[in-house]
There are 2 protein chains.
Amino acid sequence: MTYENLDAKLVNALLGDGRASLRSLAEELDVSVTTVSNHLSDLEAEGVIEGYTPRIDYDAVGYDVTAVIQLQVEGNALPEITDTLRDHQQMISVYEVTGDYDVIAIGKFKDTDGMNDQIKALLTDPDIKASNTSVVLNAVSENEQFELDVEDA
Amino acid sequence: MTYENLDAKLVNALLGDGRASLRSLAEELDVSVTTVSNHLSDLEAEGVIEGYTPRIDYDAVGYDVTAVIQLQVEGNALPEITDTLRDHQQMISVYEVTGDYDVIAIGKFKDTDGMNDQIKALLTDPDIKASNTSVVLNAVSENEQFELDVEDA
DNA sequence: TACATGTGATGACGTACGAAAATCTCGATG
DNA sequence: CATCGAGATTTTCGTACGTCATCACATGTA
């Protein structure tokens with residue numbers, strides 16, 4: 001048996017601590033440091049792990065308002081709109097979706113005034129047919145990354 | 001003036017590489033290793049940095065479907081519903097919001113069947129008055145964390 | 001054959017600690 | 001009232017020590 005589960009376990013261990021040393025990972029998973037190093041390199045090369053980041057609490061640095069913005073867009077203008085949204089750095093997620101609206105974007109702002117200004121500026125685009133903004137009252141969970149399945153033998 | 005900007009610069013540098021060594025950060029920001037270490041500890045203690053994680057490409061591990069689920073909920077059942085959603089590990093974000101719906105949740109699923117099963121199971125809850133699911137066709141950007149402002153002297 | 005392991009060498013790394021520098025506090029002075 | 005300066009406090013720094021990551025290569029194993 002090759003360690004099919006090792007990759008999943010490795011990812012899960014890193015989800016627990018993204019700065020864990022290879023040695024601590026090796027000990028935790030009961031394999032050698034070399035093996036951890038090899039598998040980790042593979043995971044990064046395959047694109048399963050796209051990099052490492054700190055989890056920032058934007059509330060703690062003054063971004064108190066989160067909003068979910070839904071847009072109806074002229075069909076052929078979709079790429080242009082999504083590009084614009086992505087380039088607004090305060091948009092943390094931008095999705096093209098099925099349903100009543102074509103785009104759902106999630107943004108963070110320092111206050112409601114800043115939010116209003118940015119959203120109003122966006123909506124001047126004539127290709128936006130309709131919009132709907134929901135202000136987040138409470139982020140129950142946000143950007144949680146869940147652990148991968150590990151099938152045991 | 002103390003280095004008010006150092007903390008922001010430190011966060012931004014880590015957003016670039018969450019596993020960067022204290023030494024490389026020290027060199028980049030032109031301060032000593034100890035200073036980096038101290039400020040980083042403080043940022044973690046203050047809760048600005050809540051931890052470190054790898055960025056997982058869930059597409060690459062079989063979670064091909066992302067959906068945005070909006071719910072109208074009986075007022076007094078909100079906490080119960082959000083708890084339920086949060087405990088579904090595949091829900092990566094759960095927001096209580098203003099607007100037409102009370103809750104917006106974003107989930108990841110292995111396929112549309114899995115998605116349908118989970119959503120149907122959710123909707124059996126009598127406290128959910130209405131729902132609306134948008135399937136993500138294209139994630140233009142997702143969980144992007146932006147850099148903090150650095151005011152220069 | 002393909003994968004996991006162990007070893008050894010090398011340079012880099014994290015942390016603790018005391019010294020040095022910068023900053024702040026606050027009463028005294030002109 | 002503005003300025004000064006001694007002492008206290010905070011911040012930064014350099015050093016040293018034990019640990020770590022990386023690499024190459026030989027060994028073991030299914």
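Lettering follows sequence order; numbering is per chain, from 1.
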Specify the separation, in whole Å, of atom [atom1] of [X] and atom [atom2] of [N].
X     : N      : atom1 : atom2 : value
B:N38 : C:dA21 : CG    : P     : 18 Å
B:L25 : D:dT12 : CG    : P     : 15 Å
B:D30 : D:dT12 : CG    : C1'   : 13 Å
B:L6  : D:dT11 : CG    : C1'   : 11 Å
A:E27 : D:dA21 : CD    : P     : 12 Å
B:L10 : D:dT12 : CG    : C1'   : 14 Å

What's the closest nucleotide to the [X] side chain, out of [options]?
X     : options                : answer
B:T34 : D:dC13, D:dT22, C:dT15 : D:dC13
A:S32 : D:dA16, C:dG6, D:dT15  : C:dG6
B:R23 : C:dG14, C:dT7, C:dA4   : C:dG14

Please name all residues satisfying salt bridge (Lys or Arg N to Asp or Glu O under 4.0 Å) with [X], sequence neighbours left out, ordered by chain then number.
X      : result
B:D149 : A:K110
A:E142 : A:K108
B:D42  : none

State the CZ-CG distance between B:R55 and A:L14, to the nearest 0.5 angstrom.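 CG of A:L14 is found 14.5 Å from CZ of B:R55.
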Given axes from five pairs at either end, by how many degrees does the helix from C:dT1-D:dA30 to C:dG30-D:dC1 bend, rounded to 10°?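 What I find for the helix from C:dT1-D:dA30 to C:dG30-D:dC1 is an axis angle of 40°.
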Please check the phosphate of D:dT11 (OP1 and OP2 only) for any side-chain N or O of B:H39 closer than 4.0 Å.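 No, no such contact exists.
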Tell me which pairs pass side-chain hydrogen bond (donor to acceptor under 3.5 Å, both in side chains) where either residue lies in residues 18-27 of chain B, with sequence neighbours left out.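 Sorted pair list: B:S21-B:S24.
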Ring centroid separation A:Y101 to A:Y95 under 6.0 Å: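 That pair fails the under 6.0 Å test.
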Transitive ILVMFWY cluster of A:L122 at side-chain heavy atoms under 4.5 Å: who else is in it?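 Noted: A:L122 shares its cluster with A:V65, A:I69, A:L71, A:V73, A:L78, A:I81, A:L85, A:M91, A:V94, A:V103, A:F109, A:M115, A:I119, A:L123, A:I128, A:V135, B:V140.
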Identify, residue by residue, the members of residues 15-22 of chain A with a heavy atom below 4.0 Å from DNA chain D, and return them in order of residue number, or none. A:S21, A:L22
Who are the side-chain hydrogen bond (donor to acceptor under 3.5 Å, both in side chains) partners of B:T53, not counting sequence neighbours? A:Q145
Kindly state each residue pair satisfying salt bridge (Lys or Arg N to Asp or Glu O under 4.0 Å) with at least one member in residues 113-129 of chain B, sequence neighbours excluded. none
